[in-house]
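Okay, so here's the structure we're looking at.
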Amino acid sequence: MTDLTTLLEVGGPVAALGGGAAYARANYPGVYWSTVGLPISTARLLSSYGSVMEACGLTVAPSRLRMLAVKATTRREVRPVPPRRGIIRPTSTGLRLRLRLAPGQEPADVAASAERLRHAWGVHAVYVTKVKPGVVELRLVGFDVLRRVRMPRKVDAGFLQVPVALREDAMPFIRDYRAVPHQLTLGATLSGKSMYLRHLIAGLAPQPVALVGIDCKRGVELAPFASRLSALATDPEQAAELLPVLVKEMEDRYDLIKARQGIAPNTPAEEITSDVWGLPESERPVPIVLFVDEVAELFLVATRKDEERRDEMVTQLIRLAQLGRAAGIYLEVCGQRFGAELGKGATMLRAQLTGRVCHRVNDEASAKMALGDIAPEAVTAACAIAPERPGLAVAGDTSGGWSRIRTPYLSLGDAAETCREYAHLVPDLPALKPFRPDVPVRPVEAPGPAVRPRPVAD
């Protein structure tokens with residue numbers, strides 16, 4: 001009886017501790033990782049590093065000098081040599097360590113064994129990145145960071161850079177317009193595409209850039225940000241008037257570059273290799289970011305007159321995509337569906353959009369249009385996005401790399417308030433003044449009934 005009582009007294013706290021750990025793992029994975037998962041995974045890594053590397057085929061035969069030294073000092077068996085391991089650096093989401101590869105190994109050998117390393121050390125995922133020749137970094141992620149997105153507190157983002165989402169390796173996904181000037185963003189209804197767009201606009205609002213919008217859904221997506229927009233077109237007719245103005249602005253900027261460099265005025269713009277960033281800061285025109293929401297609306301036609309207008313708009317969009325980067329004009333093309341059946345110029349426009357972000361789409365053809373020329377694995381990953389995870393997307397560029405990302409929640413009211421806060425940063429562009437949207441005046445709340453003071457009584 002005494003032994004049973006003692007067992008119950010000891011087992012009660014242990015069961016409570018185990019239940020608390022299971023609850024934290026399910027609902028607060030970050031807390032669970034910091035308190036339980038990190039020590040366990042570190043212990044597994046340290047105790048089994050050599051055997052795991054040998055099982056994964058990441059060891060090499062020891063050198064003759066090492067073999068002679070081991071045989072001369074000990075009688076133990078000479079084992080294969082694993083990659084030299086660096087210091088383990090714990091993070092809030094996992095572990096980081098560097099490996100110095102043995103002669104004859106390459107980073108692809110370690111990347112091929114990432115899934116085995118994940119199971120051996122009990123972590124959610126393992127990612128391999130190259131640091132320098134002969135050195136790779138292992139990033140061990142302890143839990144699914146895309147289930148509940150929390151952006152890092154400190155993100156090094158400069159001018160024309162927006163930390164818009166979190167990657168599956170717990171690193172921020174930064175939309176860098178200087179590195180990737182134009183991008184195609186696709187997503188079906190309720191896929192999180194609008195949330196992605198909100199983060200971009202809210203991130204660019206505090207920066208000295210001009211924001212221009214084309215929203216053919218009568219402006220319901222971009223109108224809340226009117227206080228920070230330099231121009232807004234809410235239907236194809238207005239877009240047909242706005243795009244030539246942007247093309248003319250681009251040509252004027254090329255003339256400015258040519259005048260600064262002493263190039264003949266009749267030199268074609270395609271032959272100029274410099275850009276606005278080579279101009280002095282006092283003469284440099286402000287960058288322009290053009291957001292095109294529901295791009296398919298610009299391609300759809302009902303009459304021959306609409307077809308002529310469509311051809312003109314598509315031609316102007318292609319010109320902006322081909323030549324706009326050097327003039328400091330960047331495109332963010334968004335839509336639910338994008339395919340060759342939209343009409344002439346669709347595939348040519350896509351070829352100029354270096355960056356690709358594909359949220360959940362309704363058909364495989366749209367995923368192939370966005371990511372098919374990057375990697376087949378990216379198309380498969382995009383088609384596997386579940387409706388229960390809005391904001392989840394596959395991001396890549398024409399260099400061939402891709403990763404899963406997820407945008408954190410940002411309410412429409414908060415994004416609009418950010419735009420109102422930085423409304424004074426709207427640059428002065430005379431050509432775009434006719435397209436400046438009307439900013440509705442916020443209604444003033446009526447004061448409540450006056451409170452009459454009451455005499456103090458005993």
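Throughout, residue positions are numbered sequentially from 1 according to the sequence presented.
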Q: Indicate yes or no for a side-chain donor-acceptor contact from R404 to the backbone of V394 under 3.5 Å, with no hydrogens or angles considered.
A: no
**Q.** side-chain hydrogen bond (donor to acceptor under 3.5 Å, both in side chains) involving R253 - partner list, sequence neighbours excluded
**A.** E249
Q: May I ask you to check if R310 and F299 form a cation-pi contact, with NZ or CZ under 6.0 angstrom from the six-membered ring centre and within 45° of the axis?
A: no
Q: Taking all heavy atoms of Q322 and all of M348, pick out the closest pair and write down the distance.
A: NE2-CE, 3.5 Å
Q: State whether W121 and R116 meet the cation-pi test: NZ (Lys) or CZ (Arg) under 6.0 Å from the six-membered ring centroid, and within 45° of the perpendicular axis.
A: no
Q. What are the two closest non-hydrogen atoms of V286 and P208, and how far apart are they?
A. CG2-O, 3.2 Å
Q | Pairwise side-chain contact, V123 with L95, heavy-atom cut-off 4.5 Å (strictly under) | A | no
(Q) Could you check whether any side-chain heavy atom of F291 comes within less than 4.5 Å of a side-chain heavy atom of L211, counting everything from C-beta outward? (A) yes
Q.
Looking at every heavy atom in both L229 and R436, which two are closest together, and how far apart are they?
A. O-NE, 2.9 Å
**Q.** Presence of salt bridge, E137 and K130, under 4.0 angstrom
**A.** no
Q: Verify whether one side chain among S366 and R337 offers a donor that lies under 3.5 Å from an acceptor in the other.
A: yes
Q: Could you tell me whether the side chain of M195 reaches within less than 4.5 Å of the side chain of P390, counting heavy atoms only?
A: no
Q: Flag the pair R118 and E115 as a salt bridge only when some basic side-chain nitrogen lies within less than 4.0 angstrom of an acidic carboxylate oxygen.
A: yes
Q | Nearest-0.5 Å distance, CG of residue L38 to OG1 of residue T42 | A | 4.5 Å
Q.
Is there a side-chain contact between K433 and D428 in this structure, where contact means two heavy atoms from C-beta onward sitting under 4.5 Å apart?
A. yes
Q.
Keeping R228 on the side-chain end and A205 on the backbone end, is there a donor-acceptor pair under 3.5 Å?
A. yes
Q) Taking all non-hydrogen atoms of both residues, which atom of S230 and which atom of V426 are closest, and how far apart? A) OG-CG1, 3.6 Å
Q: Before accepting this row, confirm whether a basic side-chain N of the pair D144/R389 lies closer than 4.0 Å to the acidic partner's carboxylate O.
A: yes
**Q.** Verdict with supporting geometry, D169 and R167, salt bridge (charged side-chain N to carboxylate O under 4.0 Å, His left out)
**A.** CA-CA 5 Å; D169 60 355; R167 297 192 323 195; 2.8 Å; yes
Q) Is the closest side-chain heavy-atom distance between V136 and P107 below 4.5 Å? A) yes
**Q.** Among L412, T418, L232, the one residue meeting side-chain contact (heavy atoms from CB on, under 4.5 Å) with F225
**A.** L412
Q | Closest non-hydrogen atom pair between L323 and Y254, with its separation | A | O-OH, 2.7 Å
Q. Parallel, tilted or perpendicular: which describes the rings of Y330 and H182, with under 30° parallel and over 60° perpendicular?
A. tilted
(Q) Looking only at the side chains, is there a donor atom on one of S194 and E221 sitting less than 3.5 Å from an acceptor on the other? (A) yes
Q) Any side-chain donor paired with an acceptor under 3.5 Å for Y177 and E332? A) yes
Q: Looking only at non-hydrogen atoms, find the nearest pair between S191 and A188 and report the distance.
A: OG-O, 2.6 Å
Q | Steps toward salt bridge (charged side-chain N to carboxylate O under 4.0 Å, His left out) verdict (K193, D293) | A | CA-CA 10 Å; K193 175 173 58 68; D293 192 34; 3.6 Å; yes
Q: Answer yes or no for R420 and Y422: cation-pi contact, defined as NZ/CZ to six-membered ring centre under 6.0 Å and angle to ring axis within 45°.
A: no
**Q.** Minimum side-chain heavy-atom gap P408-R150 below 4.5 Å
**A.** no
Q.
Between R178 and D176, does any side-chain N to carboxylate O distance fall below 4.0 Å?
A. no
Q. Can you tell if the side chain of L97 reaches within under 4.5 Å of the side chain of L45, non-hydrogen atoms only?
A. yes
Q | R319 bridged to E251 by N-O distance under 4.0 Å | A | yes
Q.
Measuring only between side-chain heavy atoms, which start at C-beta, is F435 closer than 4.5 Å to Q238?
A. no
